[in-house]
Undergrad: 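I'd like to ask you about the structure that follows.
In this text the structure is predicted, and so the values were computed from the model without any measurement. Just so you know, these numbers use all the heavy atoms, side chains as well, and skip hydrogens, waters and symmetry mates.
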2 protein chains.
Amino acid sequence: MDDTLFFEATQAEPLDGHVHSRAERRDLQAQRILDAAKTCFVRSGFQGTSMQQICSEASMSPGALYRYFPSKESLIEAICEVNRRQDAETFAAMENCSNVVDGVVNCAIDHLRFTHDNGNAPIFAEIATESLRNESIRAIGDNCMVDVRHKFHDYLRGALERGEIDPVVELEALLPMILAIGQGLAIADLPNQGVSFDKVETMLRAATVAMLRPVDARDTAGN
Amino acid sequence: MDDTLFFEATQAEPLDGHVHSRAERRDLQAQRILDAAKTCFVRSGFQGTSMQQICSEASMSPGALYRYFPSKESLIEAICEVNRRQDAETFAAMENCSNVVDGVVNCAIDHLRFTHDNGNAPIFAEIATESLRNESIRAIGDNCMVDVRHKFHDYLRGALERGEIDPVVELEALLPMILAIGQGLAIADLPNQGVSFDKVETMLRAATVAMLRPVDARDTAGN
DNA sequence: TCCTTGAAAGCGAACATTCGTTCTCAAAGT
DNA sequence: ACTTTGAGAACGAATGTTCGCTTTCAAGGA
């Protein structure tokens, strides 16, 4: 609960010949534990997973495991932290796109593809749910969201000032909307239900265009 | 695990004078337990809630509680069942709308409003997550989804045949997309983040229009 | 090259606690 | 008299975590 990072960079370089320095091995073991924990959390959820199960999955005794992570909670915190970093990267890549719609859509699709390829949908759902009640996890998520919101907000504001976005759009409403949709799509994992990424992208692009230019999109609506 | 319904209609009518028939009181108590359980599940999740906590919340001893529900699992099953019925009603109301877009949007907003007003977002997330791994809960959820999918599918197909929907649209892709977005919005609970229902509806309508008539929406896109 | 040494890593039994559930028996209702 | 309801102690299993012990192994001295 005190420290948010349990393992720093350890040592700068593996000086020469030794394939496994002490610090390298330590990082390797820690990663092994995290992988095992993630597998178990996907299978049974955070609260539904026992430390014994994680130990079995990692082929490690409880005593050994506790040398690397001080508590069960620290395990999810670490996993959340990894996801957080991944999210930040994905969102950062958005800024390289020439127009807003591509930026948003590509960013979302990257996110969905990453989630699908790594089988991360269940653990995303787990984290999202756990965030609603576990304070220390929510803190990590919020931290992430603050970053993302800022990046996203600045990006959209820039596009708005360049005239790419209808000035009627309120970023403060649009942003949570997009994030909510992105999260819903990530958890649902449509490609796992037989809907291809291409189709998702097509629909998502249409929806994004419509939401960024709501006046144009609405004047032909049947309402 | 065997029975899916633990309490049926009990007795047809309270014959006369008695304010509390035996059966009535039993239903009342069962409801009290369910309310307490829901409160606890929202607070701590299913796996994170102990039977003792539910007993305390319901001001009832374990012995008494177990007279009404045979297991912890039967409690979530019962709660899911209630949600299932509510969902079915919400989706059924869709058929009374004159055009597709209104049908879909109104249905979604009703769903969001119900979720928000009852503080159901956390338990929705809980159920969605738990469904990914708990067999008996997934069964209930799937049952619900089968109903919803069919109703929705028929509804959209009707609209498509009436020319309300661009024939290019593939219902098999559109349907999961809409459901995923709906679930994402329900869990995110935007009104709880300061985004009004009106704004959500505006954006959702724009997105819906765009996805139902993707050719019209795309030919002006900057792609 | 070999031995010594000390810290890090690992093991697995044991800890106190809490879990979901059952049992016993008394009170209340009919 | 008989059934339903309830309280609360009690159950064994399982929980997250700790502790004492052994093993491993790189570094330093000979």
Side-chain angles (χ1 to χ4, degrees), chain A residues 1-2 6-8 10-11 13-33 36-37 40-41 44-78 130 134 136, chain B residues 1-2 6-7 10-11 14-33 36-37 40-41 43-78 130 134 136-137:
Chain A
M1 203 72 87
D2 298 322
F6 302 100
F7 295 97
E8 282 301 337
T10 60
Q11 211 89 332
E13 304 153 71
L15 287 174
D16 58 329
H18 293 103
V19 185
H20 294 303
S21 79
R22 208 106 199 198
E24 273 176 323
R25 177 170 171 77
R26 188 173 176 81
D27 283 358
L28 235 57
Q29 290 286 71
Q31 190 54 55
R32 189 152 70 96
I33 294 172
C40 290
F41 292 159
S44 318
F46 169 58
Q47 312 244 37
T49 296
S50 73
M51 290 304 262
Q52 296 289 347
Q53 290 170 334
I54 299 176
C55 288
S56 298
E57 184 72 32
S59 305
M60 191 177 281
S61 68
L65 193 152
Y66 270 86
R67 238 167 234 289
Y68 292 85
F69 293 91
S71 68
K72 189 183 180 186
E73 195 157 83
S74 69
L75 285 172
I76 2 159
E77 288 178 10
E130 194 69 17
N134 186 321
S136 62
Chain B
M1 205 70 88
D2 298 322
F6 302 101
F7 296 97
T10 62
Q11 211 89 334
L15 286 174
D16 59 328
H18 293 100
V19 184
H20 293 303
S21 79
R22 210 107 197 200
E24 272 177 323
R25 176 172 171 76
R26 190 173 174 81
D27 284 359
L28 235 56
Q29 290 285 70
Q31 190 55 55
R32 189 152 70 97
I33 294 172
C40 290
F41 291 160
R43 187 192 301 136
S44 319
F46 170 58
Q47 311 244 38
T49 295
S50 73
M51 290 304 262
Q52 296 289 347
Q53 290 170 333
I54 299 176
C55 288
S56 297
E57 184 73 31
S59 305
M60 191 176 279
S61 67
L65 193 152
Y66 269 86
R67 207 169 270 285
Y68 292 85
F69 293 91
S71 68
K72 189 183 180 185
E73 197 158 83
S74 69
L75 285 172
I76 2 161
E77 288 177 11
E130 194 69 18
N134 186 319
S136 62
I137 292 187

Undergrad: Quick one: which protein N/O atoms are closer than 3.5 Å to N/O atoms of nucleotides 2-6 of chain D? Pair and distance per line, please.
TA:
unit_1 : atom_1 : unit_2  : atom_2 : d
D:dT4  : O4'    : B:Arg22 : NH2    : 3.3
D:dT5  : OP2    : B:Arg26 : NH1    : 3.3
D:dG6  : OP1    : B:Arg25 : NH2    : 3.1
D:dG6  : OP1    : B:Gln29 : NE2    : 2.5
D:dG6  : OP2    : B:Tyr68 : OH     : 2.7
D:dG6  : N7     : B:Arg67 : NE     : 3.4
D:dG6  : O6     : B:Arg67 : NH2    : 3.3

Undergrad: Sequence neighbours excluded, which residues qualify as side-chain hydrogen bond (donor to acceptor under 3.5 Å, both in side chains) partners of A:Gln52?
TA: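 For A:Gln52, no residue satisfies side-chain hydrogen bond (donor to acceptor under 3.5 Å, both in side chains) once neighbours in sequence are set aside.
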Undergrad: OP1 or OP2 of C:dC19 versus the side-chain N and O atoms of B:Ser50: is any pair under 4.0 Å?
TA: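 Result: yes.
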Undergrad: Would you indicate whether the side-chain heavy atoms of B:Leu28 and B:Gln31 approach each other to under 4.5 Å?
TA: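 Contact flag for B:Gln31/B:Leu28 side chains = no.
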Undergrad: Can you tell me how far C1' of D:dG20 sits from OH of A:Tyr66, to the nearest Å?
TA: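 Result: 18 Å.
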Undergrad: I'd like to check the side chain to side chain contact (heavy atoms under 4.5 Å, CB included) partners of A:Gln29; sequence neighbours left out, ordered by chain and number.
TA: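 Listed in chain order: A:Arg25, A:Arg32, A:Met60, A:Tyr68.
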Undergrad: Rounded to whole angstroms, how far apart are CD on B:Gln52 and C1' on D:dC11?
TA: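 Distance check: B:Gln52 CD to D:dC11 C1' gives 13 Å.
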Undergrad: Between D:dT18, C:dC19, D:dG16, which nucleotide gets closest to the side-chain atoms of A:Met51?
TA: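 Of the candidates, D:dG16 comes closest.
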Undergrad: Rounded to whole angstrom units, what separation is found between the CD1 atom of B:Ile54 and the P atom of C:dG20?
TA: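 Answer to the nearest Å: 8 Å.
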Undergrad: Within this structure, what is the CG-to-P distance between A:Leu65 and D:dC19, rounded to whole angstrom?
TA: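 Interatomic distance, CG of A:Leu65 to P of D:dC19: 17 Å.
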Undergrad: Please list all pairs passing the salt bridge (charged side-chain N to carboxylate O under 4.0 Å, His left out) test where one or both residues lie in residues 44-55 of chain B, with sequence neighbours left out.
TA: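 Salt bridge (charged side-chain N to carboxylate O under 4.0 Å, His left out) check on residues 44-55 of chain B returns no pairs.
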Undergrad: Using atom CD1 of A:Ile76 as one end and atom P of D:dG16 as the other, report the distance to the nearest whole Å.
TA: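 Nearest whole value for this atom pair: 11 Å.
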Undergrad: Going by side-chain hydrogen bond (donor to acceptor under 3.5 Å, both in side chains), name the pairs with one or both residues in residues 54-64 of chain A, residues two or more places apart or in two chains.
TA: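 Output for this query lists A:Arg43-A:Glu57.
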Undergrad: Nearest whole angstrom, please: distance from the P of C:dC11 to the CD1 of A:Ile33.
TA: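 Between P of C:dC11 and CD1 of A:Ile33: 10 Å.
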Undergrad: A:Phe46 CZ to D:dT15 C1': how many Å, rounded?
TA: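 Distance check: A:Phe46 CZ to D:dT15 C1' gives 12 Å.
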Undergrad: B:Ser44: what forms a side chain to side chain contact (heavy atoms under 4.5 Å, CB included) with it, not counting sequence neighbours?
TA: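 By the side chain to side chain contact (heavy atoms under 4.5 Å, CB included) rule, B:Ser44 matches B:Thr49.
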